[in-house]
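Take a look at the structure below.
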Amino acid sequence: MSAPAAADAPRPRANAAMVTAAAAHSVVGLATFLLLPPFVEAAVTDLHFSEPQIGVMSALMMSGQTAANLVASQWVRRAGWRVAASLALAGLLLANVGSMFWHAFAGFAALQCLGGFFGGSLYSLSLTVLSDSRRPDQGFAYAIGAQTMYQVVTFLAGPFLTHHGGVDAFLLLFAALCIVALLLVAWLPAHGRVAATTRGGASLLRAPVLLSLAGCFLFYVNVNAYWTYIERIGTAAGLGLSAVSNSLAISNAASMGGVFVAAWLGFRRGIVMPIAVSAAVVVVSVLMLVGPLPLPTYLVSAILYGNAWNLSMTYQYGTVHAVDTTRRGVALAPAFHNAGGAAGPAIAALFVTERNHDSVIRLVIFSVLASLACFAWAMRLHARDAAQGDSGSPGS
């Protein structure tokens, strides 16, 4: 994948501010999802939601994000970026504040779905901003690193929030993040660059693009099935809530290794190989959750999974960016991530019980391997098209 042309690249100082704001907005757009395990635990203990209900709530939240991402692919290269970011943050703020006053399941889940829509809009915008930066590969890695650091801090605070404020404490945190993020809107460009028209006609309907987006979908079937139930898996195994939350916080800190590897390695070893390594590590990590589950095993499993997740994400966005010249695919990729994220817990909710989460583990393994197959196939077709002189993408 090549960097933007020098004439199109922002100045270094402007680029740094742009990347900082976009990375911060990527955190806020995903703030609820990134903190989903303790948020779900608070919903169970504070609001008395059932296991199937939390699966449905998570699926609705991801459905809202998916709808937003699909719409964003149409407006993200046309709308004013500062105005769009401000509207998304205002809507997300109102959804979180409203959830503090409506705790009945139907209303709460509906507001979380609405919050997912505004958060998904903000996230698609932030990824598109990063794709216009001087080094998109590093920009994606910085965003994932910022998301991981947010998780580290908030997971450590998770038990305190649950015990002293319940669900409302989490919602207050999400609302405060929206207010802080509004202060960074001025660092965004007023508008993005318009993608150049390429020989042969750029299209999102080309097979490599569709396959890479299918890979994004399947990967997040794995991620959100895992992420919705990983804290429940620990507590069902007899691990204390504080021990589980601290383990997830530690694992998120340790998973920065995946971010550093992606930022350092870039695309020097291609795109598919890091995704393949990530998939193998995911399989190993969830198999460790089968059977008796002492705390050290739970911790090591979470560390392995977190590193694999972070490593894979940079290269997934890189794959979509490489095979697509419309430059709308990166904004659309979260739609497929979130559609998969909605499907994952919805499928798992059909089979999971309070004490048995084996169906979650089987779903994670199947979907991550299917995701790898899609990314590998997409890059193979892209290479074939490039050899025939119709890649549809500049230097990959």
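These numbers come from the heavy atoms of this one structure, side chains and all, not from hydrogens, waters or symmetry mates. Small disclaimer: the values here were computed from a predicted structure and weren't measured.
- Residues Asn246 and Leu156 are in side-chain contact: their nearest non-hydrogen atoms beyond the backbone lie under 4.5 Å apart.
- Between Tyr220 and Phe33, the ring planes lie tilted relative to each other; the angle falls in the 30° to 60° range.
- Shown here is Trp75, whose CH2 atom has more than 12 heavy atoms of other residues, nucleotides or ligands within 6.0 Å.
- At least one side-chain heavy atom of Phe174 sits under 4.5 Å from a side-chain heavy atom of Phe39.
- Taking 4.5 Å as the limit, every side-chain heavy atom of Val129 sits out of range of all side-chain heavy atoms of His25.
- Side-chain contact annotation: Tyr305 with Asn310, donor-acceptor N/O pair under 3.5 Å absent.
- Considering every non-hydrogen atom in both Leu177 and Ala31, the closest pair reads CD1-CB, 4.0 Å.
- Side chain to side chain, Ser255 and Asn307 fail the donor-acceptor criterion of an N or O pair below 3.5 Å.
- The two residues Leu299 and Ser247 have their closest heavy-atom pair at CD1-O, 3.5 Å.
- Side chains of Pro208 and Met379 form no contact here, defined as non-hydrogen atoms less than 4.5 Å apart.
- At least one side-chain heavy atom of Cys178 sits less than 4.5 Å from a side-chain heavy atom of Val28.
- The heavy-atom pair separating Asn224 from Met62 by the smallest distance is ND2-CG, 3.2 Å.
- The heavy-atom pair separating Gly29 from Gln65 by the smallest distance is O-NE2, 3.8 Å.
- Trp377 and Leu369 are assigned to two separate hydrophobic clusters, defined by single-linkage of ILVMFWY side chains at heavy-atom distances under 4.5 Å.
- Under the rule for a ring pair (Phe, Tyr, Trp, His ring centres under 6.0 Å), Phe375 has no partner lying at least two apart in sequence or in another chain.
- Scanning for ring pair (Phe, Tyr, Trp, His ring centres under 6.0 Å) contacts around Phe101 gives an empty result, with sequence neighbours left out.
- Note on Val283: it clusters hydrophobically with Val290, by side-chain heavy-atom contacts below 4.5 Å among ILVMFWY residues.
- Proximity of Val368 to Val223: side-chain heavy atoms (C-beta onward) are nowhere separated by under 4.5 Å.
- Applying the side chain to side chain contact (heavy atoms under 4.5 Å, CB included) criterion to Ala370, with sequence neighbours excluded, gives Leu218.
- The aromatic rings of His357 and Tyr229 sit tilted relative to each other, their planes meeting at an angle between 30° and 60°.
- For the pair Leu248 and Glu231, the minimum side-chain heavy-atom distance is below 4.5 Å.
- One hydrophobic cluster, built from ILVMFWY side chains closer than 4.5 Å, cannot hold both Val286 and Ile303; they sit in different ones.
- Remark: aromatic rings of Tyr315 and Phe140 are distant, center separation not under 6.0 Å.
- Here the closest non-hydrogen pair linking Ser285 and Leu304 is CB-CB, 3.8 Å.
- Few gaps surround CZ on Phe49; more than 12 heavy atoms of other groups in view lie less than 6.0 Å from it.
- If you look at Tyr317 and His337, their ring centroids are closer than 6.0 Å.
- Contact annotation: the side chain of Met57 approaches that of Phe105 to within less than 4.5 Å [non-hydrogen atoms, C-beta and beyond].
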